[in-house]
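Structure record follows, encoded as structure tokens.
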Amino acid sequence: MTREITLSKAVNEAIAEEMRRDETIFLIGEDVAEAGTPFKVLSGLVEEFGTDRVIDTPIAEPGFMGIAVGAAMTGSRPIVDLMFGDFIFLVMDQLCNQAAKTHYMSGGKLSVPLVLRTNLGATRRSAAQHSQSLHALVAHIPGLKVALPSSAYEAKGLMKTAIRDDNPVVIFEDKLMYNDKAPVPEEEYLIPFGEANVMRQGRDVTLIGTSSMVQVCQKAAEILEKEGISAEVIDPRTIVPLDEETILNSVRKTSRAIVVDEGHQNFGITGEIASRISEKAFYHLDAPVQRMGAMDVPVPFSPALEDITVPTPEGVADRARLICRGELVHAA
Amino acid sequence: MTREITLSKAVNEAIAEEMRRDETIFLIGEDVAEAGTPFKVLSGLVEEFGTDRVIDTPIAEPGFMGIAVGAAMTGSRPIVDLMFGDFIFLVMDQLCNQAAKTHYMSGGKLSVPLVLRTNLGATRRSAAQHSQSLHALVAHIPGLKVALPSSAYEAKGLMKTAIRDDNPVVIFEDKLMYNDKAPVPEEEYLIPFGEANVMRQGRDVTLIGTSSMVQVCQKAAEILEKEGISAEVIDPRTIVPLDEETILNSVRKTSRAIVVDEGHQNFGITGEIASRISEKAFYHLDAPVQRMGAMDVPVPFSPALEDITVPTPEGVADRARLICRGELVHAA
Amino acid sequence: MAPKKKTNTEDYLRMYRQMVRIRAFEDNANQLYLSAKMPGLTHMYSGQEAVAVGICEALEDSDKITSTHRGHGHCVAKGAEFKQMFCELLGKEEGYCRGKGGSMHIADQSHGNLGANAIVGGSMGIATGAALSARRLGKKDVTVCFFGDGATAQGLWYEVMNMAALWKLPVIYACENNGYSEYTKTDEIAAGSITARAEAFGIEAHMVDGQDVLAVNDLAQKLVARARKGEGPFFIELKTYRYHGHHVGDINRDYYRSKDEESEWKKVRDPIANFGKWLESEGVVTADELVAINDEIRADAEAAVQYALDAGYPPANEVDMHVFAGVDHALAYV
Amino acid sequence: MAPKKKTNTEDYLRMYRQMVRIRAFEDNANQLYLSAKMPGLTHMYSGQEAVAVGICEALEDSDKITSTHRGHGHCVAKGAEFKQMFCELLGKEEGYCRGKGGSMHIADQSHGNLGANAIVGGSMGIATGAALSARRLGKKDVTVCFFGDGATAQGLWYEVMNMAALWKLPVIYACENNGYSEYTKTDEIAAGSITARAEAFGIEAHMVDGQDVLAVNDLAQKLVARARKGEGPFFIELKTYRYHGHHVGDINRDYYRSKDEESEWKKVRDPIANFGKWLESEGVVTADELVAINDEIRADAEAAVQYALDAGYPPANEVDMHVFAGVDHALAYV
Ligand SMILES: Cc1ncc(C[n+]2csc(CCOP(=O)(O)OP(=O)(O)O)c2C)c(N)n1
Ligand SMILES: Cc1ncc(C[n+]2csc(CCOP(=O)(O)OP(=O)(O)O)c2C)c(N)n1
Ligand SMILES: [Mg+2]
Ligand SMILES: [Mg+2]
């Protein structure tokens, strides 16, 4: 049976189900227990699992990240709650020098099964240090898997897969989507990593959107449909591993692609995906692959400025129109 | 007059000259004073400038990075020495949440004129935590400039420009190149940011190499020349800002490009540059743009493994041959 | 409150006014939030006024402070104006940061406020660096680093205390211990003793009642003078209380602290009411004069709010300005 | 050295042997470097043997340790074999980490060594987490976190001490104070008192002579037993000395420490020589027996070196194995 639940509830359910299944799982982070996080995503868990498994920490991100790494190396499966994605800068050493490399450096003898759950997304008027989408940084580091759920359904299925994975997995939730509802089955399900979701079939252009940008691409596709442009929409769901085949097959069919992501455009996700398409579907392209990331500026506080830093459905539709009509091609 | 000096000496000279010119500059980091850093790059500076301007710190990277940010905001121009590029994970918060954003967040009222000098490069048998090339992470963050000197000449000119820049600049030196000599003028010179260097003219393929990979591209070009393939070699010198025009003009001429960088390939430098070329020189390309980054694995210690993780002249030449002969095109 | 000599009438009145200004600013900011006129959310300083004012009144204009997510109080106390502050809170072009920073990044370099910070503990290095810079450049400036009790958990503090102590920097670490880290009593997440942590680095540590503006100011004056002479660094733990929730949206807070506790602090230990009473009892002002001060400041604040509501947003082309100093528009540059 | 009862002959001899094994390992490693047979460089533990041995002899096999860049001593002391260690140092497939880790990442999970670490202080969280994990999973394991005096500057330590103290974790922080952080006397870069820093978090702190294996072992036994009962965490500062340079290539070190100082420590305070003398004087062994032990271990070490020199490198296709658990080859996966 499928009911509609919020993304927040989906994450909560995924964690609760897995914690019931496996005693070695515990949650650790700031205000995760009674407060259930500022976004209330974890509400109720401490009541069920106790403070031994839902652990409030001091405001010491590097510290509790390191603690999670050590716990993961010794039989536990910690889920680390990092309140804002922007704080990932604080845990980079423990995440990237320790967690990501331990399995390799030990020749496969030690492993670090942990989940780091955090968030991304701007336009919440939270300014430059609480609005970043920093998944590209993590995706660059070998040894880390990176999941980007785009709805409650994905949030639950990817979280459960992440918890069962024997590697460090970083999940970025879109903080503006916590209250968005989507159909989620009552029955247990997992979403395998590395399997993109073709959300919508189309002929003329492939829109590849991650996380918050999946909805943007869907809405752009609706706009375009009215104009007779048929857009295929793909959600990679995980960027490490990346389901290149599904993306390439789509672009080989549509001959055009736009990659849309809420991280900064430069040196980010869009360049990676666009360059793989440009290389591996070279002969199939009728137009240059388009990249639409967040503007390369720190996220401004002022609503008048913040809103223009992030791709919108209209913006994506505009770009699609241009490449479908060949207008951007001849400039290149 | 031009003499040959090592990259190490070039950095040392640049810093010494600037420190003589401007009293507000100081150096801060671990073992920078008497020891002159483990690589001996800063030898002699404490003797000239004293411990008030060449400051040995405890082993506290986040701490002295933060101190540098505050000093830069208040009239000083600190040069931070970070012993290994791998430690950048430890300073990410102070670098990316503070230094990079302060000018913007303050609406232009505060600025952070600091230089973070560190290094990159593998094949030194230093294993996974002392061998990374992490410049892509920094390049992704708006507000930071990123310089990648490829010889003693660039090291001096870019360092002097960095020190005079009113923004946070991160310079990654190639640690294997410290003892490599190159001609460096006695007279003062600066190398402006955002001006790529066309090291070698060619007709058939453009090799874009950064830092340590510039030499690799040069050697590949020599190999190719013997076989009648004429390669143009471009060193961007800074990746933020990136001299897109010089790269695009070259590719529009040669119709083929390979981007070579020592950072991990996935979600790194090569994707950014390749996707810009693919987009903006779309009609000029006779073959898919090739990317050659470091292998997407933690850097292994064993020499038997480490050497195969980094692009080599032969590897680059092989790839160039394939695209010049059209072999990779038809697969795509 | 210990009896004081009346020699300092002017100073006393300025401290009183500054505390009232902070309270008035916060009440208006809260109202802007509740009436959905403010973008995002914000953290109220109400209740902690004696800390910011007691310390900042001991500073010169050129002395520096670093501030926190709960930073309006520090900003006002260090000399900022209502108009530019409200403009900033509303994301308007005339704000201190042209609307780009907002509440959590408000900075006012003209009076030495190096900025609020949305990273807990994030400014501890900055403050220490400002002190190093002042010393190196031969300035006499002292820097005060404000942070909360929760921030003492951040490793950065220990790193910079070590360096500040080694190098005898003119920095004062001022921990506003309001008892809470967000929705958790800090006692539950802090082991041992906070003053002992500073002392372990050889830093002289003090505790003071953060609701008593004169006690705070006395101590601050002494330590600032000593820091200026090179006897720093120092640490002060100031016991205080925040009246509102962690942020303006934190309304239902029974699960982490009781209404009784809140009203006890407000009734018995309010820094403004108590100081007002003392000023009266010492004959420095009359009750009527206090009311007049309050009214005048409230009217000021409301006028500034209206000004800010009417003010313009930055134009769209500002969005890529100020990414880099010396670069007009970053998007044309990178 | 305080006189001891002779009841523990076996323990004494094992401690002596383990110290000699570390010294022999390091002498050979140094030789491999000097003869250009070792890739990269490495940090010698010689001089500090009594620390690793005194502590690890107080641990069970299932107890955990975390180690440092100067980690060979901890690895040997926690039960590792010469062959796999030398293979690791030479990047050979039979190494503990299949040659992928090398000297700075040597780990030996079979005996609870969670690994050396090339990030100074990088394992402080890991050790604390291992202790939390043991407690949560109902195991009785204690974790010892080894680190140097220089590492006490890292903020991470203060963050995890806070949590370890709050949660009473079975972790012992063991600071090997050899006086130097690379090429700098740690006194010049450490303010205040190191034990006071731990005590400020409510952690019981001890100081012990790190050259006296029995003193170290006595203290370690007591603290390990107490930590196992839930009375932890603890901190120990062990005063010791490294005989070689910071790393094998650090030959000219007059500028930061004197030859006199070095030879003083070697002559007067060598942990092996002194313990050997004591064993003789107590009648536990004869001088000849000690020589025999030494010879046997030296021969073992040399054989292991030869074995490792002859051993094979990992095949090229290993390069993208073990990036992810459960993924054969990462390049086919990402
Ligand atoms: C590095 C970091 N971690 C967590 C947060 C979220 N956060 C904001 S304020 C706060 C509590 C801070 O407590 P304290 O330092 O006592 O200041 P107070 O709010 O009491 O003034 C937390 C956890 C943050 N902004 N930055
Ligand atoms: C985070 C980090 N900073 C700096 C270094 C470089 N480094 C390696 S060992 C060392 C000195 C460590 O001193 P200490 O902790 O006393 O250990 P010892 O070498 O004396 O055993 C330094 C600075 C590093 N490896 N990691
Ligand atoms: Mg607080
Ligand atoms: Mg040491």
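Predicted model only: the values in this text are computed from it and were never measured. Here is how names work: the chains are called A, B, and so on, in the same order as the sequence lines, proteins then strands, and each is numbered from 1.
A salt bridge links A:R21 with A:E18: the closest approach of a Lys/Arg side-chain nitrogen to an acidic carboxylate oxygen falls below 4.0 angstrom. A:D243 and A:R237 are not joined by a salt bridge, as no carboxylate oxygen comes within less than 4.0 angstrom of a charged side-chain nitrogen. One finds no salt bridge joining D:K140 and D:E60 here, because no Lys/Arg side-chain nitrogen approaches an Asp/Glu carboxylate oxygen to under 4.0 Å. Using a 4.0 Å cut-off between a side-chain N of Lys or Arg and a carboxylate O of Asp or Glu, D:E94 and D:K83 do not qualify as a salt bridge.
Looking only at heavy-atom pairs under 4.5 Å with chain A, the residue among D:G326, D:G122, D:A134 that has the most is D:G122. Contacts with chain D were tallied for A:A72, A:G75, A:P142, A:A99; A:G75 has the most, counting heavy-atom pairs under 4.5 Å. Of the listed residues A:P113, A:G66, A:G107, the one with more heavy-atom pairs under 4.5 angstrom with chain D than any other is A:G107. Interface check for chain A: of the options D:E93, D:R98, D:Q109, the most heavy-atom pairs under 4.5 Å are formed by D:Q109. Among the candidates A:L110, A:V112, A:V240, the residue making the largest number of heavy-atom pairs closer than 4.5 Å to chain D is A:L110. Counting heavy-atom pairs closer than 4.5 Å to chain D, the top-ranked of the candidates A:L144, A:T102, A:T238 is A:L144.
D:W157 has its side chain within reach of D:F147: a pair of non-hydrogen atoms, C-beta onward, lies under 4.5 Å apart.
Using a 4.5 Å cut-off between heavy atoms, A:D52 touches chain D through backbone and side chain atoms alike. At a 4.5 Å heavy-atom cutoff, the contact between D:M321 and chain A is made by backbone atoms alone. With a 4.5 Å cut-off on non-hydrogen atoms, A:D166 touches chain D through its backbone and its side chain both. In this structure, the portions of D:V319 lying under 4.5 Å from any heavy atom of chain A include both its backbone and its side chain. With a 4.5 angstrom heavy-atom cutoff, D:L156 touches chain A only via side-chain atoms. In this structure, chain A has a heavy atom under 4.5 Å from the side chain of D:A107, while its backbone stays farther away. In this structure, no portion of A:I59 lies under 4.5 Å from any heavy atom of chain D. With a threshold of 4.5 angstrom between heavy atoms, D:D141 does not approach chain A through any atom at all. For A:R77, no part sits under 4.5 Å from any heavy atom of chain D, backbone or side chain. Using a 4.5 Å cut-off between heavy atoms, A:E61 touches chain D through its backbone atoms (N, CA, C, O) alone. With a 4.5 angstrom heavy-atom cutoff, D:I106 does not touch chain A via any of its atoms. D:W167 touches chain A through its side chain: at least one heavy atom from C-beta onward sits under 4.5 Å away, while N, CA, C and O do not.
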* To do: Please step through side chain to side chain donor-acceptor pair (under 3.5 Å) for the pair D:S103 and D:H72, ending with a clear verdict.
  => CA-CA 7 Å; D:S103 163; D:H72 305 162; 2.8 Å; yes
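A centroid separation of less than 6.0 Å is found between the aromatic rings of D:F86 and D:F25. A distance below 6.0 Å separates the ring centres of A:F84 and A:H130. Side-chain rings of D:Y33 and D:H247 stay apart, their centers remaining 6.0 Å or farther from each other.
Taking the centre and axis of the six-membered ring of D:F324, the NZ or CZ atom of A:K145 falls inside the cone set by 45° and 6.0 Å.
Under the 3.5 Å distance criterion, the side-chain polar atoms of D:Y96 are matched with a main-chain donor or acceptor of D:E81.
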